Enquirer: 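Handing you this structure, nothing more for now.
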Amino acid sequence: TLRKERGGHFVCFVLSAMLLRLVVAAALAAVLATTTQASIDIYVSAATGSDANGGTLPDKPLRTIAKAISLRQQSSHLPATLHLEAADASAVATPFVLTQTLPLASNTTITSFPSPTAIGATQKPVISGGDFLLLDWKNVSAGVFQAPIPSTLNVGYNTLTLFIGGKRRQRVQTPTLRWVRQLVPGSGQERNKFGFVFKPSDIPAHWNTSEKALESWTVHGFHSWTKSYESVARVFRENSTIVFRHGSPFPYGDYQYCSDRRWVIEGAQELRPAAGSGQWQVRRGSSSGTSPSSEWMLVFAPETDTEAKLLRSLPVVVPSVPTLFRAFKQTGIVIKDVTLGYTSADCGTQFPSCDQDLAADLSAAVSLKAVTNVRIENCSVEHLGGAGVSIDSQGAPGTTDKAVVRRNLFVDIGASAVVVSGTNIVVANNIVKGFGVRFPAGVGVLTKSCPHGSIVHNDISGGWYNGIAGNWGNDSSQGIVVAFNYIHDNGHADDTGICDFGGIHVGTTGSKELTHIVNNVFANITAFHNGGAGVYLDVSSTAVNVSYNFVSGTITHSLQWHIQPNMPVVAGAAPMVFDNNVFVANRSSVFYDAKGNTALLWDGYTKAQYTRNIIQIDFDAVPSYKAIFQGLSCARQLPHDLPANCSSDFLDSFWGDTFRANVYHNLSAKALPVGFPDGLSWGQWRARGFDTDSVAINPGLDGQGRYHNPRLAALDIQPLDTSAVGTDWAV
């Protein structure tokens with residue numbers, strides 16, 4: 001009991017009590033500060049975990065990533081790391097199988113444990129969009145096996161992606177066919193998007209073409225520079241007409257230079273996998289194969305006898321999840337040191353035939369939209385139905401808030417390996433081996449709009465289409481740098497190939513600020529018929545700096561600068577720069593042997609600087625090359641609103657351009673052929689004021705684009721150093 005006393009003792013007592021309370025509060029705050037959790041760690045083991053565990057200790061892991069994500073969301077205000085157990089290199093890894101797309105919250109890291117540095121030679125934990133199953137295979141004929149498909153496996157006639165033994169397998173299909181005529185004569189006919197007239201022999205008389213039977217069909221329809229996957233509505237045998245449900249974006253027959261009337265039937269029930277083909281088929285029937293039933297059967301023809309003997313031990317994966325992880329308007333997401341694989345493909349509703357140009361909107365294994373500060377690093381991304389990684393970054397320009405895709409391995413990608421857009425993009429030090437495998441318009445690295453982005457030190461090969469591509473129009477990618485990339489061995493010249501692309505293929509329509517393609521190597525690019533260039537600047541490109549690149553082994557133009565008809569270029573654009581490149585024209589194709597070829601295709605008519613470049617052609621060994629320069633006059637491309645230097649004279653397109661200090665060399669003879677614009681000879685070209693200080697001598701090139709003729713030093717041509725091109729690691 002307190003008593004009021006004289007002399008202010010009561011007041012002094014109250015002050016002492018307040019001080020005591022402050023001391024206690026401070027001590028309590030200190031205790032709380034030491035016990036408050038700054039972040040959370042969640043451990044997951046597909047082999048030994050249980051979702052009944054707490055998951056916060058390495059020896060009490062969860063079993064599924066879905067449970068880990070749920071637990072992480074309970075503490076969404078804290079940074080969290082999901083540690084996925086990695087298997088020893090000698091063990092059979094148990095995959096983390098997802099049954100649905102999982103959302104990622106801000107400040108979430110997905111990685112392996114132990115870390116790669118601690119476990120040495122190990123397998124990354126595998127995150128899969130489909131279960132791994134062993135089937136009860138039975139040999140039903142020479143080299144052909146059959147197994148009932150468990151009801152838990154989502155398999156039917158619409159199954160397009162299937163893997164056996166860690167390898168993508170092709171559903172059974174016909175050889176490439178050629179249809180005979182359009183439904184309606186002429187170009188631009190809407191009806192021609194929905195079918196064509198085929199040869200009667202293309203669909204054998206004994207095939208069932210009822211609407212029910214056609215459910216198993218998928219038609220590959222080549223309609224332009226790419227192809228559609230068409231579902232079939234009807235087949236009319238009386239007039240040999242096939243009609244598709246959805247149709248293609250381009251009428252069949254409008255782009256014959258590339259499509260060549262090609263089509264393929266996939267999945268028809270009368271087709272059987274041939275022994276040794278590695279193809280598969282699904283059908284309904286009993287396990288004995290003697291009578292029909294409601295049971296789904298998988299029929300497969302192993303490629304080798306060894307594969308046939310091991311078949312019962314080879315896992316079958318039918319992906320059911322198109323996207324493993326997604327995020328929208330999140331920040332601080334990191335995925336590293338894991339394997340992302342085995343996804344299905346979702347083409348969306350806008351392009352049901354899966355034929356959007358550049359396969360731009362196909363589902364991706366990792367889809368991060370409107371994000372900031374994200375990293376995908378040191379991952380293996382493999383065996384995908386659709387695209388690999390798709391990131392739309394919204395980081396503030398000029399900050400360290402970047403979206404980084406670095407040091408990943410992309411293998412066997414159904415569409416594009418990397419799709420990026422937005423600010424502060426860095427795609428660096430990645431290896432891409434095989435892209436566009438199912439959807440050939442997929443790109444190694446697709447850049448939609450990346451101002452001041454960096455696409456550097458990547459190794460991109462094994463695709464059907466462009467190594468790097470993008471729409472950089474209207475300065476949407478101003479300042480982007482594509483540098484030190486090794487883009488090689490892309491494109492297919494056989495009937496599976498598509499057309500109209502290059503090692504890099506971009507359009508900078510309407511741009512005034514420079515973009516940069518520098519210090520790259522483009523080698524061995526081919527195509528079916530038209531295409532297979534090195535550096536392809538399309539749709540009236542302007543303001544591109546192409547410097548210090550080495551281009552060799554392309555079946556057509558080392559450099560192609562194309563003006564889109566009726567698309568004038570923007571006024572005031574920075575001049576094009578082509579400086580210190582080495583262009584070696586040493587390869588052709590049957591198509592170009594007949595059509596004729598040229599080292600440089602130059603349709604551009606805006607200001608350009610063409611300096612210190614080396615062009616070497618072997619006109620005797622590769623006779624398809626008829627000229628060094630070729631192109632169309634400006635007036636043939638722009639019939640209206642012509643600029644001052646635009647006329648029917650091709651030479652007027654070079655008005656105001658700078659050509660100096662270049663080297664031209666015909667490897668097979670001492671003299672240059674008549675190969676300059678308008679059929680001018682070397683002397684006539686120089687007499688017009690171009691290349692007056694350039695030379696026609698042997699530069700002494702080696703296989704790396706380095707010259708060994710000392711006379712070139714007087715022209716200030718710098719030797720190329722390709723040793724820094726590509727990645728700093730290999731597989």
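Everything numeric here is computed off the predicted structure, so don't read it as measured data.
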Enquirer: I'd like to check the side-chain hydrogen bond (donor to acceptor under 3.5 Å, both in side chains) partners of S367; sequence neighbours left out, ordered by chain and number.
Expert: none
Enquirer: Please identify each residue that fulfils side-chain hydrogen bond (donor to acceptor under 3.5 Å, both in side chains) with S128, with sequence neighbours left out.
Expert: none
Enquirer: Could you walk me through whether N429 and N458 pass the side chain to side chain donor-acceptor pair (under 3.5 Å) test, one step at a time?
Expert: CA-CA 5 Å; N429 208 20; N458 300 288; over 6 Å; no
Enquirer: Measure centre to centre between the rings of Y43 and F113, then say whether the value is under 6.0 Å.
Expert: yes
Enquirer: State which residues pass side chain to side chain contact (heavy atoms under 4.5 Å, CB included) with Q279; sequence neighbours excluded, sorted by chain then number.
Expert: Q170, V172, Q173, P273, S277
Enquirer: May I have the step-by-step check of side chain to side chain donor-acceptor pair (under 3.5 Å) for K448 and S476, ending in yes or no?
Expert: CA-CA 9 Å; K448 291 185 177 181; S476 62; over 6 Å; no
Enquirer: Applying side chain to side chain contact (heavy atoms under 4.5 Å, CB included), name anything that partners Q100, two or more places apart in sequence or on another chain.
Expert: L102
Enquirer: Apply the side chain to side chain contact (heavy atoms under 4.5 Å, CB included) test between L340 and each candidate in V126, I110, L324; give the one that qualifies.
Expert: L324
Enquirer: Please assess D489 against S461 for the test side chain to side chain donor-acceptor pair (under 3.5 Å), listing each intermediate value before the final yes or no.
Expert: CA-CA 5 Å; D489 298 289; S461 67; over 6 Å; no
Enquirer: Considering residues at least two apart in sequence or located in another chain, which fulfil the ring pair (Phe, Tyr, Trp, His ring centres under 6.0 Å) criterion with F145?
Expert: none
Enquirer: Fit a plane to each ring of F484 and H457, take the angle between them on a 0 to 90° scale, and name the class: parallel (under 30°), tilted (30 to 60°) or perpendicular (over 60°).
Expert: parallel
Enquirer: Using the side-chain hydrogen bond (donor to acceptor under 3.5 Å, both in side chains) rule, collect all pairs that involve residues 340-353, keeping only residues at least two apart or in two chains.
Expert: E230-S353
